[in-house]
Amino acid sequence: KIHRSLGITGVITFLVALFVIVLQITLTERERFRIIHSWIGFVIFVFAVLTPTLGILQLKVRSVAIRLRSFHRWSGRITLCLMLINVFLGLSMMGFI
């Protein structure tokens, strides 16, 4: 139950952040996908949707639950690693690192 709650909280937080990012880019009229930071952000978005979907499917589709569980776990790990990398890229771009 804790895992599911944290996952849902993470997805909601990510979606709010995505909204703020899109709003900020739109208001400043910046070009989209011109830097690696934005491309990694897009891949993170895909994984942020994929990971909970795999988690739900593994509970619903018992015939492939073992395979989906492995994909779900790795998808979550990859998502977190990409998020961490992208945070450091963003901070570096802003001159904090």
Side-chain angles (χ1 to χ4, degrees):
K1 289 182 180 182
I2 294 172
H3 177 79
R4 185 182 298 174
S5 297
L6 288 173
I8 291 169
T9 302
V11 170
I12 291 170
T13 303
F14 178 77
L15 291 175
V16 169
L18 182 66
F19 174 76
V20 170
I21 291 164
V22 170
L23 183 65
Q24 189 261 342
I25 290 172
T26 303
L27 291 176
T28 59
E29 298 178 1
R30 290 187 185 171
E31 186 179 330
R32 290 154 186 85
F33 298 110
R34 63 180 175 82
I35 54 174
I36 189 75
H37 177 75
S38 58
W39 284 101
I40 293 174
F42 177 74
V43 173
I44 291 169
F45 170 75
V46 171
F47 273 95
V49 171
L50 179 69
T51 302
T53 303
L54 289 171
I56 292 167
L57 284 176
Q58 79 177 355
L59 298 174
K60 303 286 183 192
V61 185
R62 293 289 182 190
S63 59
V64 290
I66 293 173
R67 271 186 282 181
L68 288 178
R69 184 176 199 169
S70 178
F71 285 126
H72 171 68
R73 286 181 174 179
W74 279 103
S75 178
R77 292 170 185 157
I78 291 168
T79 304
L80 289 174
C81 288
L82 287 174
M83 285 178 168
L84 185 61
I85 290 168
N86 221 24
V87 165
F88 282 113
L89 278 173
L91 290 174
S92 175
M93 288 171 31
M94 292 171 46
F96 290 114
I97 296 178

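What you are looking at is a predicted structure, and each value in this text was computed from that prediction instead of being measured.
When each of Lys60, Arg73, Gln58 is paired with Leu68, the side-chain contact (heavy atoms from CB on, under 4.5 Å) condition holds for Gln58 and for no other.
For Ser38, the side chain to side chain donor-acceptor pair (under 3.5 Å) criterion is met by no residue, not counting sequence neighbours. For the side-chain contact (heavy atoms from CB on, under 4.5 Å) test, residues two or more places apart in sequence or in another chain that qualify with Leu84 are Phe88. Taking Phe42 as the reference, Phe33 meet the ring pair (Phe, Tyr, Trp, His ring centres under 6.0 Å) condition, with sequence neighbours excluded.
How far OG1 of Thr13 is from CD1 of Ile8: 11.5 Å, rounded to the nearest 0.5 Å. To the nearest 0.5 angstrom, Met83 atom CE is 12.5 Å from Ile40 atom CD1. Arg77 CZ to Thr51 OG1: the interatomic distance, rounded to the nearest 0.5 Å, is 11.5 Å. Expressed to the nearest 0.5 Å, how far CD1 of Ile78 lies from CD1 of Ile85 amounts to 10.5 Å.
Under the 4.5 Å side-chain heavy-atom criterion for Ile, Leu, Val, Met, Phe, Trp and Tyr, Val43 and Leu54 are members of the same hydrophobic cluster. Residues Leu59 and Val49 fall into different hydrophobic clusters, defined by Ile, Leu, Val, Met, Phe, Trp and Tyr side chains chained together at heavy-atom separations under 4.5 Å. Neither Val87 nor Ile35 shares a network with the other; the hydrophobic side chains, linked directly or stepwise wherever heavy atoms of I, L, V, M, F, W or Y lie under 4.5 Å apart, form separate groups for each. In this structure, Ile97 is a member of the same hydrophobic cluster as Met94, with clusters built from ILVMFWY side-chain heavy atoms closer than 4.5 Å. Cluster annotation: Leu18 and Ile44 are assigned to the same hydrophobic cluster (Ile/Leu/Val/Met/Phe/Trp/Tyr, side-chain heavy-atom contacts under 4.5 Å, transitive).
Residues Ala48 and Val11 come closest through the heavy atom pair O-CG2, 4.0 Å. Of all non-hydrogen atoms in Val22 and Thr26, the two that sit nearest each other are O-OG1, 2.7 Å. Nearest heavy-atom pair across His37 and Leu89 is ND1-CB, 3.9 Å. The two residues Leu50 and Ser75 make their nearest non-hydrogen contact at CD2-OG, 3.9 Å.
Around atom CD1 of Ile66, no more than 12 heavy atoms belonging to other residues, nucleotides or ligands sit under 6.0 Å away. Taking a 6.0 Å sphere around CZ of Phe71, one finds it holds 12 or fewer heavy atoms contributed by other residues, nucleotides or ligands. With a 6.0 Å radius and a threshold of 12 heavy atoms from other residues, nucleotides or ligands, Arg67 has its CZ atom at or below the threshold.
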task: Please test Leu15 against Phe19 for side-chain contact (heavy atoms from CB on, under 4.5 Å), starting from the C-alpha separation and ending with a verdict.
output: CA-CA 6 Å; Leu15 291 175; Phe19 174 76; over 6 Å; no

